[in-house]
Amino acid sequence: MVAQRLDGKACALEVENGLHARIEQCKLRGVMPHLAVVIVGDDPASHVYVGSKVRACERLGIQSTHIELPSNASEDEVRSAIESLNSQEGLHGILVQSPLPPHMDEESLTDLIHPSKDVDGFHPQNLGRLVQGRMDGMLPCTPSGVMRMLEWAGVETSGKTAVILGRSRIVGMPQALLLGVKGVDATVTVAHSRTRNTTELCASADIVIAAVGRPEMVREDWIKPGAVVVDVGINRVDDSSRERGWRLAGDVHPDVANVASWLSPVPGGVGPMTIAMLMENTVRATELSISDTLDS
Ligand code: GUN
């Protein structure tokens, strides 16, 4: 078997195409969707991601504000940047790029973002709604992008077993909730660094989502023939055969394509979907702010 490509780039283009008319509607009401992206420090990968987010805004006609703070900025400076963005009228989405420098408490800072502007879906109010099985809050972008890709490919989830590798706040935990919710109906196992039988769990799963940040950890013999495999990992690995000396690798070894029915590539898989879902959340936050204004 050669796996079909879970083509995040193509799926993201469909999501973006669906946003054009909604953005036009906002503009007809005199409101331009507006996203603020805050980045602290000089982590090269984070700067690449933020650049992609800002370019997606340009592509779609969404206004973006890019705030850069140095790695020695204080937590108070980040706090006051967030507070000022919270109170800025005509600004609909705020994203603080993760990871923040180690001297900062990332959770307490992202908790400050007003839930209606929390386009990352990390605020306890938005995550809490998801725990309740309510899909009407802001949903975290990477896991909701994975769900959209599975739908795009027509992958059946009901009654299937799904193993998620990794229990992060950004991907693993919300992914488990989205796969297990009523209507999606997968039976979900979250495996992590202390799980004893990870390979056996994977080998019996219909769907495997890898989000651990370990290059090519998931091997061909971990995967049941015909399983669907989604690779959330983006790792830089040394490669002297490349001019730049490195290449990108996912958490899944490319040989998994020999056994899986669907496999998402890296790059071109989950990455573009995360950005597309961020754009969708920003448009949604804008639409909700317009209907709040009409209601009041
Ligand atoms: N870092 C890696 N993924 C993400 C994401 O989805 N949102 C934010 N804010 N930071 C990230």
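Note: the hydrophobic cluster containing Ile82 does not contain Leu95 (ILVMFWY, side chain heavy atoms under 4.5 Å, direct or indirect links). Trp152 and Leu13 fall into different hydrophobic clusters, where Ile, Leu, Val, Met, Phe, Trp and Tyr are joined by side-chain heavy atoms under 4.5 Å apart, directly or via other members.
Residues Gly269 and Pro272 come closest through the heavy atom pair O-CD, 3.2 Å. When all heavy atoms of Val119 and Gly93 are compared, the closest pair comes out as CG1-CA, 3.8 Å. Summarising the geometry of Phe122 relative to Pro140, their closest heavy-atom pair is CE2-CB, 4.1 Å, with the distance given to 0.1 Å. Nearest heavy atoms, Ala10 versus Asp7: N-OD1, 3.0 Å. Contact between His92 and Ser289 at its shortest, heavy atoms only, is CD2-OG, 3.4 Å. Residues Asp185 and Gly183 share a closest heavy-atom pair of OD1-N, 3.0 Å.
No donor-acceptor distance shorter than 3.5 angstrom exists from the side chain of Asn197 to the backbone of Glu200, with no hydrogens or angles considered. Using modelled atom types, no side-chain atom of Asn281 and backbone atom of Met138 make a donor-acceptor pair closer than 3.5 Å. In this structure a side-chain-to-backbone donor-acceptor pair under 3.5 Å is present from Ser52 to Val48. Judged by distance alone, the side chain of Asp251 and the main-chain N or O of Gly213 form a donor-acceptor pair under 3.5 Å. Counting only distance, with no hydrogens or angles, the side chain of Asn258 and the backbone of Asp255 share a donor-acceptor pair below 3.5 Å. A donor-acceptor distance shorter than 3.5 angstrom exists from the side chain of Glu77 to the backbone of Ser74, with no hydrogens or angles considered. Using a distance-only test at 3.5 Å, with no hydrogens or angles considered, no donor-acceptor pair links the side chain of Gln97 to the main chain of Ile39. A distance-only check finds a donor-acceptor pair linking the side chain of Thr157 to the backbone of Val184 [under 3.5 Å]. Judged purely by atom type and a 3.5 angstrom limit, Asp239 has no side-chain atom pairing as donor or acceptor with the backbone of Arg247. When atom types are taken as modelled, the side chain of Ser261 and the backbone of Gly226 share a donor-acceptor pair closer than 3.5 angstrom.
Residues Ser108 and Glu75 are in side-chain contact: their nearest non-hydrogen atoms beyond the backbone lie under 4.5 Å apart. In this structure, Val50 and His47 have side chains that are not in contact, with every pair of non-hydrogen atoms separated by 4.5 Å or more. Using a 4.5 Å heavy-atom cutoff, the side chains of Ile234 and Pro267 are not in contact. Using a 4.5 Å heavy-atom cutoff, the side chains of Pro254 and Glu216 are in contact. Using a 4.5 Å heavy-atom cutoff, the side chains of Thr110 and His123 are not in contact.
Applying the salt bridge (charged side-chain N to carboxylate O under 4.0 Å, His left out) criterion to Arg167, with sequence neighbours excluded, gives no partner residue. In this structure, the salt bridge (charged side-chain N to carboxylate O under 4.0 Å, His left out) partners of Lys224, at least two apart in sequence or on a different chain, are Asp206. Legend: residues meeting side chain to side chain contact (heavy atoms under 4.5 Å, CB included) with Ser116, ordered by chain and number and at least two apart, are His114. Residues satisfying the salt bridge (charged side-chain N to carboxylate O under 4.0 Å, His left out) criterion with Arg55, sequence neighbours excluded, are absent altogether. Taking Leu91 as the reference, His34, Ala36, Leu85, Gln88, Ile94, Lys117 meet the side chain to side chain contact (heavy atoms under 4.5 Å, CB included) condition, with sequence neighbours excluded.
Side-chain contacts under 4.5 Å among hydrophobic residues (ILVMFWY), followed directly or transitively, place Val229 together with Val163, Leu165, Leu201, Val208, Val212, Met217, Val218, Trp222, Ile223, Val252, Val256, Val259, Leu263.
Of the N and O atoms on the side chains of Arg129 and Gln125, not one donor lies less than 3.5 Å from an acceptor on the other residue.
Exactly one of Met273, Met277, Glu280 qualifies for a side chain to side chain contact (heavy atoms under 4.5 Å, CB included) with Ser144. That residue is Met277.
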